[in-house]
Structure formats: C-alpha cells, structure tokens
Amino acid sequence: MKEVCRALGNAAADDSKLLLLSSVGTVFCSGLEPSYLIGRLSTDRRKESTRIADAVRDLVLAFIHFKKPIVVAVNGPALGLGASILPLCDVVWASEKAWFQTPCAALRLTPSGCSSYTFPQILGVALANEMLFCGRKLTAQEACSRGLVSQVFWPATFNQEVMIRVREMTLCSSVVLEESKYLVRGMVMSVLEEVNDKECQMLKQLWCSTKGLEALFSYMQNKGYEN
Amino acid sequence: MKEVCRALGNAAADDSKLLLLSSVGTVFCSGLEPSYLIGRLSTDRRKESTRIADAVRDLVLAFIHFKKPIVVAVNGPALGLGASILPLCDVVWASEKAWFQTPCAALRLTPSGCSSYTFPQILGVALANEMLFCGRKLTAQEACSRGLVSQVFWPATFNQEVMIRVREMTLCSSVVLEESKYLVRGMVMSVLEEVNDKECQMLKQLWCSTKGLEALFSYMQNKGYEN
Amino acid sequence: MKEVCRALGNAAADDSKLLLLSSVGTVFCSGLEPSYLIGRLSTDRRKESTRIADAVRDLVLAFIHFKKPIVVAVNGPALGLGASILPLCDVVWASEKAWFQTPCAALRLTPSGCSSYTFPQILGVALANEMLFCGRKLTAQEACSRGLVSQVFWPATFNQEVMIRVREMTLCSSVVLEESKYLVRGMVMSVLEEVNDKECQMLKQLWCSTKGLEALFSYMQNKGYEN
C-alpha cells in the first residue's frame, strides 16, 4: 500500500498529463490478503489494527486527492480494495477476462475504499449491497452495463485499445483535464474523505475487538466449506 | 401499514440477523388502494388526510431506521408504496413475474416512500420521472438492468434461490452486517427523513384541498377510459 | 441562447401544463459552435468571454428553475450543451437516430450544463468521464441503457409515440405535476446552481487566458487530423 502511495505521489509531481494504472500478469489486484491480516493482527492486535487501518486510509486518501485523471485498465480479477477503489479513478476500462468482487461481509470485514458510498451511487443500492453483503461477483460485461466500468475490450487487443485511447487523451490540454476532474470531483471530495475516515475507523474497531478477530479466524477455518 | 410497522419493530428487537420481506400469493404489494383513500377522505377530509399521511410517514420512517439488512423477494407486481419502498431495503431480488409501477401522477398523487429522491438516484432522472409522471411500468428485467433490483430468478425456483442466498448471508457476523448497513445508509439517513417529511406534507395538503380531492374523484370516474 | 431563455420564460407564464422540447430537421442540438466561439473571443477576449459565459449560465439556470415538467424528444444528434442539458429536463425520449456526445476536453473546454455533476450521477463516474474527457459517443440505445434517456423509439413513428405519451401526461393535474417536480428537484436545486456557477466561472477563466485560447485555436487547426 505504501508503494502505491509513493507511486501516486511521484506521478502527481512529474509533468505527466494523466496516470494509467494496470497490472502485469493475470490478476489486476486481489486486495488485502486475509491470511496476512490475521498474521499481523495475531502479533499485536491493538497496534497492528491501527497501523493497517491507517495504511488503508492513506492509500484511499491518495486516490481521492490525486488531481490528474486516473485511467484504469483492469486486465483481470479485481477483488476487495482492488475493486472498491475503481470509482475513485476517472476512466475505467476492463478486459473481457476481468471480474469484480468485494466479499467483505463474508470475510467478516466492513466496506472500504469508499465503496459504502460510491457503490450505491453507481450500481444502485440493491446491487451494491449484494456485492458488499453477499459477495456477488460481477463479470466485466455486468460491471460495464451497471456503470462500474465504461467499456470492455477483448483480452487479445486490450492493451492496444487502451493505449489508443490514452494517447488521444494526452492530446488534451493538461489544464482542461485537471480542471474538468476538479469540477467532477470537487463537490464530493469532502464526502469521500468523511466516508473513508468512517470506514477505516470501523475496520480498526473490528480488528481490535475479540469478536471481530474471532470471526476473521473462523472464516479462515471454514473457508473450504463456504466457498 | 400499522401491522408492517409492528412487524418491523418486532424484527428489530429479536435476535435475527436480517429481515426477509416477501408475500404470499401472486401480488407482492399493491400500495394504497385509491377507493380506500377516497372512502376515508370523504368522511372527514381534514382529520383523515392527517391520519393517513402520518401513517405513511411512520411506515416509511420504520424502513429508514431499520438497522438490520432487509432482503426483499418481490414475487409479483409491486405498485405504489410497494415499489417506492424498495430502495429503502438493502437487497432486492425479483421473480420474472414481478413488475413495478408508481402511477402517482395519474392517480392524482405526488410521490411517496422517498421515491422522489431514491428513484432519480437509482434509475436516472429520466426514467424516474417517466415512472412518477407517466406511470411507466418496468418489467423485472428492466428493473434489474436499471438497478432497482439486483437479480431476477425464474418463478418456479424463486423461493429456493432466495433461501440459498439468505442462508449464506446469515453466516456473516451480525455486527458486520449491521455496521456495513450503517456505513451504506448513515450518510443519507437525514436526507431520507427530510424527503419523507416533505412528501407526506404534500400528500396531506393535496388531500386537504378541494381541488386535490376532486382530482382523485375524477380519476376514479375516468378510470375505465384512462387505463 | 437568449431565444431559448425567452421561450422558457413564456412557457413558464402561460397556462400550459408542461414543456415539450424538440427540433425540426435531422439534428437535435449541436451545442456551441467552436468557430463562433473563436470568432467572438478573437475580437475582445475579456469582454466576450464574460458575455458568452454569462449567457451559458443564464440558459442553464433557466432550465434549473423551470417549474413545469420538461419533456425532451431527441430526434437526432445532441452535442455539447445540447446533450449536457438533458439531465436538467424531466422526461427524455430519443429517436433511434439520436446520439449523444460532449467532446469538451477534445475541444479544449471544461464541462458545462451541470454535466460535471449530473453525468456522474446518472452514468456512473467512469462513463461520465469517458464522455467528458475522451469524447465518447453514446448511441440512443446506450444512452437508454445507462439512464440518460428513458425510452427509444423508431424514427418513423417517433413523433407519434411522443405525442401519445405527452397527451396522457396532460391528463394529470398541473398541481400534481409541478409539486412532483418540486419534490424530485427541490433537494438538488442549490447544488445545481453552485455547479453551474463553477462551470461557467471556469469557462470564463479558460477563454480569458492566452493558453486556453491558443488551445482552442490549435484544435481548429488540427481538427482534420483528430477527428
């Protein structure tokens, strides 16, 4: 998470017009690893829950505050934070191979990445909750028809299609791009900051509580059955 | 309406993790019956308009304030309040036989159930208004593709499909379910309360006015032609 | 723009129940003409940028404040302001021949007509930004499936279909129509006013700046290549 924050910081400072996020390999982003979480929280629950929740908050905040347009090319599965962060980006294109899932309730977690606010806004409250509460998986086509993604391309020509469009965007004036993004985002920025704070506060509480941690453990043990 | 309020109150107090709303028979909910409305308002316009508007307000408020996730299984037609209340619920599944209509303007009524706020949010302003102003009927598939519903199932296996998913949801921790719902809903709760108040205030005014009541009467007389 | 404002003013004052907007010919509305813009701004940059931005602001404000329902029948291409103004109208029907585009960034312009707020609300942030930043063109069917439009009709029977539905709407009580619109719009009116002000302020700044004007000029020169 700190690496991504650093990369965003660098991209903000250089003379690029926009940021293109993608991934090498078959997975776009698998979010926080439950076994990593449990490992950390087992050592020092109080300290680690604050540390991880703060890291999530700072990462999400870096996306909220990024001034240049962020284009995301989702080349494969996007899970957890990897999916919930997409509405904080500006243009989202997906490969036919991509899919989207935020199984937070099943993982005994509450929503993050501002998805408790952005998912209902984009997907409608029914589908947003089905994703957050029931772990509903969206295919690339479903994500596109419901607004999480704006276009889907074939895997074979995915990078090409993305690069054609990104190059066209770079023909635009950087002032116009940044000011347009400011108009689109400025109005909701303080709302997103507040949502992010609340979400991370709740994760911290959950991880700090014996009950929350036990639920996380029991998930790991039952994983074979539930999935 | 009072019965539903009581049922919500009981479900809030017991140790259930979520509430499942459905209906026995072929209709999910047909909303307020115009002939009932006219019958009541004919006896004592001033008193009855306040009484009915207050009952609507309290019913809608009970949905707004309900803390556990509400899953709705729409097994058949959902009309008026029966449709407008759906966005106040959390997960909405529909049978292929369901359809959705809020013919308030044609019935000489203004929107209720917070639909003046939630419908534009979910369906976009154009379709929301076509439903509210023109009585546009949505099929289950249309309601799903536009976000009012998150999944449609075949009538024959509808209950089964719903129960599988509800059982999975009950595996989640109740703390996580309630806290997730709070994150999703907390931000808009005061807005919904305000919208509900305004909508019910307007219905009361309409029912109190000679003009509003005459319009309602003339609807009943012309019903044969218009529909 | 002043003519449309005047027409809205007249329609507000007469005894009509609703306003029907359409266009004669094959194009619905092509927005501000870039060559017109450049012509004006070349004569007196400071004065003309204020004059044009104020005219845009007043036009958009006239739509925001219009109290009767506005029905739009989009018979052909809707570009720029002609597209961005649609979410300020109430019911939007389109002919199969219509398409929608707001190529503001490519034209070296920032969003207008409150599209920086209404487009993300309706289309989701990803598609809204693809329209605003990349000039993505939406077909009538795409605009319908994403909520900008609520129904698409065949060109041959378009006017007929629209008139049937408009006539049905005129059967509704004008009080109910206006009060319903007030419920739907009242909550966001001050937000829309603020967004409109900000958008027009930014256009004025852009047109006033040497850089902004140069970008506009260079667009006109490169038009042959880019399109």
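What you are looking at is a predicted structure, and each value in this text was computed from that prediction instead of being measured. Sequence lines set the chain letters: A, B, ... in the order given, protein chains first and strands last, and positions in each chain run from 1.
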Note, [X] side chain near [Y] side chain (heavy atom, < 4.5 Å):
X: C:L20; Y: C:V162; answer: yes
X: B:I38; Y: B:S42; answer: yes
X: C:L32; Y: C:L107; answer: no

Distance check, rounded to the nearest 0.5 Å: [X] atom [atom1] versus [Y] atom [atom2]?
X: C:M163; Y: C:F158; atom1: CE; atom2: CZ; value: 11.5 Å
X: B:F66; Y: B:E178; atom1: CZ; atom2: CD; value: 8.5 Å
X: C:S112; Y: C:L132; atom1: OG; atom2: CG; value: 9.0 Å
X: C:Q121; Y: C:S116; atom1: CD; atom2: OG; value: 11.0 Å
X: C:L177; Y: C:L171; atom1: CG; atom2: CG; value: 10.0 Å
X: B:R57; Y: B:I64; atom1: CZ; atom2: CD1; value: 11.0 Å

Exercise for the section: Start with the C-alpha gap between B:F133 and C:M169, add the side-chain angles, then the distance that decides, and say whether side-chain contact (heavy atoms from CB on, under 4.5 Å) holds. Expected result: CA-CA 7 Å; B:F133 292 171; C:M169 272 182 86; 3.8 Å; yes
With only heavy atoms counted, which part of [X] is less than 4.5 Å from chain C, the side chain, the backbone, both or neither?
X: B:L123; value: backbone
X: B:P111; value: both
X: B:L109; value: backbone

Exercise for the section: Given side-chain contact (heavy atoms from CB on, under 4.5 Å), test B:N129 with C:K181 step by step and report yes or no. Expected result: CA-CA 8 Å; B:N129 283 327; C:K181 174 158 180 171; over 6 Å; no
Whether the side chain of [X] engages the backbone of [Y] through a donor-acceptor N/O pair (distance < 3.5 Å, no angle test) should be reported.
X: C:S23; Y: C:V27; answer: yes
X: B:R108; Y: B:A106; answer: yes
X: B:S115; Y: B:F119; answer: no
X: C:K17; Y: C:S173; answer: no

Using a 4.5 Å heavy-atom cutoff, which residues in [range] come close to chain C?
range: residues 195-207 of chain B; answer: B:V195, B:K198, B:E199, B:M202, B:L206
range: residues 136-152 of chain B; answer: B:R136, B:R146
range: residues 43-54 of chain B; answer: none
range: residues 71-104 of chain B; answer: none

Handout entry: C:V60 and C:C114: CA distance, side-chain angles, deciding distance, side-chain contact (heavy atoms from CB on, under 4.5 Å) verdict
Key = CA-CA 8 Å; C:V60 173; C:C114 293; 4.0 Å; yes
Practice task
Could you check which of C:V188, C:T118, C:L183 has the highest count of heavy-atom pairs closer than 4.5 Å to chain B?
Solution key: C:L183
Practice task
May I ask you to decide whether C:D15 forms a salt bridge with C:K68, counting only side-chain N to carboxylate O separations under 4.0 Å?
Solution key: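 No, C:D15 and C:K68 are not salt-bridged.
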Practice task
Apply side-chain contact (heavy atoms from CB on, under 4.5 Å) to the pair B:K2 and B:D58, showing each step before the final yes or no.
Solution key: CA-CA 9 Å; B:K2 284 190 179 162; B:D58 291 347; over 6 Å; no
